[in-house]
S.K.: 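Mind having a look at this structure? Questions to follow.
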Amino acid sequence: MAKFKTLDTTTEKSEKKSQPEGEAEHVRCLIIGSGPAGYTAAIYAARANLKPVLYEGLQPGGQLTTTTDVENYPGYPDGIMGPQMMEEFKHQAGRFGTDIRFGYATSVDFSSSPHKVIIDEKKVIEADSVIIATGAEAKYLGLESEKKFMGSGVSACATCDGFFYKNQDVIVIGGGDTAAEEALYLSGLCSKVYLAVRKDYMRASKIMQERVMNTDNIEVLYGHQTKEIVGEQGVEGVILDNMGNEVKLDVKGFFVAIGHKPNSDIFRDYIDMDDVGYIKTKPDTAKTNVEGVFACGDVMDSVYRQAVTAAGTGCRAAIDAERYLGEKGL
Ligand code: NDP
């Protein structure tokens, strides 16, 4: 790894702009990612005077910018649009002095402190503490019609969007625990829930399968794969393939539950993670196995994956970073 010269982050912004590429910039607290976790970490870190620098990543605002109404985030009794909510998070982080930048972390070197993070393959940041808040992406089937109806019938989050399909028929795609959980959640709201499993068995745990089987308004369709989602303004139905036979169902909601992919690939050489790529944190903390590197939000949470839980772990990460910097005298 090349050695980089260090420029202190306390320099004025105009000086930073004229900084030659390849010359390292030193920051006390670097936040990678701009969903609820990243922005919450930024609010806390900025208020603790850590002078955080936050890189927004490829999808500024994160997954919530792809949803419509958010009705389950406390403090918004009338709901709020996902993109608007993330603008407000950003505004709040900026208000306390977070240096929010457009850029994407392309590689890291966590072998020594300060930790190095490369932005857009060229800019080098040397950070005393790093907060990883890069989130996760829901996997989708890849159909054109799926893209077309994103946010108007197609969803990857029953807890977020299920309410909009109250007393209507919906379909869930997938055969794992997430699909089972999504179907069970929707069964409490919707008239009928189809669960389309591509194989002739489910991968979900036995207990989840039993719950699904014991729920009257869930119908499991084994050996069914999605061919097309149909509709005009929104989803009106789905065409499935069952061993070469076409099956058409009238549904208003199409919930994809075929797994998530945490955005953690660039950290793989340094940070402990599970088989899927979720970052492991030490119990009841945001600490990773690397000193000075913290993780929050969906990149370390395969279970809850909610905006409010992501924000909570973002707060933890900033507090842990602040204490770490204090202990090290950085
Ligand atoms: P999984 O990888 O376990 O399951 C994905 C499911 O989607 C599989 O049934 C798979 O089918 C199916 N699938 C994948 N691609 C397609 C496709 N193109 N078309 C149709 N179906 C497809 O992901 P999960 O998100 O369900 O779970 C991830 C992890 O999180 C697991 O370890 C799970 O146990 C855990 N989890 C635990 C929960 C809990 O304990 N309450 C809740 C949710 C998740 P196939 O089987 O044919 O490959």
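Residue numbers count from 1 along this sequence. All values reported here derive from a predicted model rather than from experimental measurement. Start at 1 and go down the list; that is how both ligands and their atoms are numbered.
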S.K.: Show the short N or O contacts, below 3.5 Å, that ligand 1 makes with protein N or O atoms; if there are none, say 'none'.
M.R.:
{"from": "ligand 1", "atom 1": "2 (O)", "to": "Arg203", "atom 2": "NH1", "distance (Å)": "3.1"}
{"from": "ligand 1", "atom 1": "9 (O)", "to": "Gly175", "atom 2": "N", "distance (Å)": "3.0"}
{"from": "ligand 1", "atom 1": "9 (O)", "to": "Gly176", "atom 2": "N", "distance (Å)": "3.3"}
{"from": "ligand 1", "atom 1": "11 (O)", "to": "Arg198", "atom 2": "NE", "distance (Å)": "3.3"}
{"from": "ligand 1", "atom 1": "25 (O)", "to": "Thr178", "atom 2": "OG1", "distance (Å)": "2.5"}
{"from": "ligand 1", "atom 1": "26 (O)", "to": "Asp177", "atom 2": "N", "distance (Å)": "3.2"}
{"from": "ligand 1", "atom 1": "26 (O)", "to": "Thr178", "atom 2": "N", "distance (Å)": "2.9"}
{"from": "ligand 1", "atom 1": "26 (O)", "to": "Thr178", "atom 2": "OG1", "distance (Å)": "3.2"}
{"from": "ligand 1", "atom 1": "34 (O)", "to": "Asp177", "atom 2": "OD2", "distance (Å)": "2.6"}
{"from": "ligand 1", "atom 1": "41 (N)", "to": "Glu181", "atom 2": "OE2", "distance (Å)": "2.9"}
{"from": "ligand 1", "atom 1": "46 (O)", "to": "Arg203", "atom 2": "NE", "distance (Å)": "3.2"}
{"from": "ligand 1", "atom 1": "46 (O)", "to": "Arg203", "atom 2": "NH2", "distance (Å)": "3.4"}
{"from": "ligand 1", "atom 1": "47 (O)", "to": "Arg198", "atom 2": "NE", "distance (Å)": "2.9"}
{"from": "ligand 1", "atom 1": "47 (O)", "to": "Lys199", "atom 2": "NZ", "distance (Å)": "3.0"}
{"from": "ligand 1", "atom 1": "48 (O)", "to": "Arg198", "atom 2": "NH2", "distance (Å)": "3.0"}
{"from": "ligand 1", "atom 1": "48 (O)", "to": "Arg203", "atom 2": "NH2", "distance (Å)": "2.4"}

S.K.: Only counting residues at least two apart or in another chain, list the ones meeting disulfide (SG to SG under 2.5 Å) with Cys157.
M.R.: Cys160

S.K.: Could you tell me whether the side chain of Arg316 reaches within less than 4.5 Å of the side chain of Phe294, counting heavy atoms only?
M.R.: no

S.K.: Which residues pass the ring-ring contact (aromatic ring centres under 6.0 Å, His included) test with His115, not counting sequence neighbours?
M.R.: Phe110

S.K.: Check whether any side-chain heavy atom of Met86 sits under 4.5 Å from a side-chain heavy atom of Tyr39, and report yes or no.
M.R.: yes

S.K.: Is any side-chain N of the basic residue among Lys166 and Glu71 closer than 4.0 Å to the acidic one's carboxylate O?
M.R.: no

S.K.: Who pairs with Arg198 by side-chain contact (heavy atoms from CB on, under 4.5 Å), at least two apart in sequence or on another chain?
M.R.: Gln225

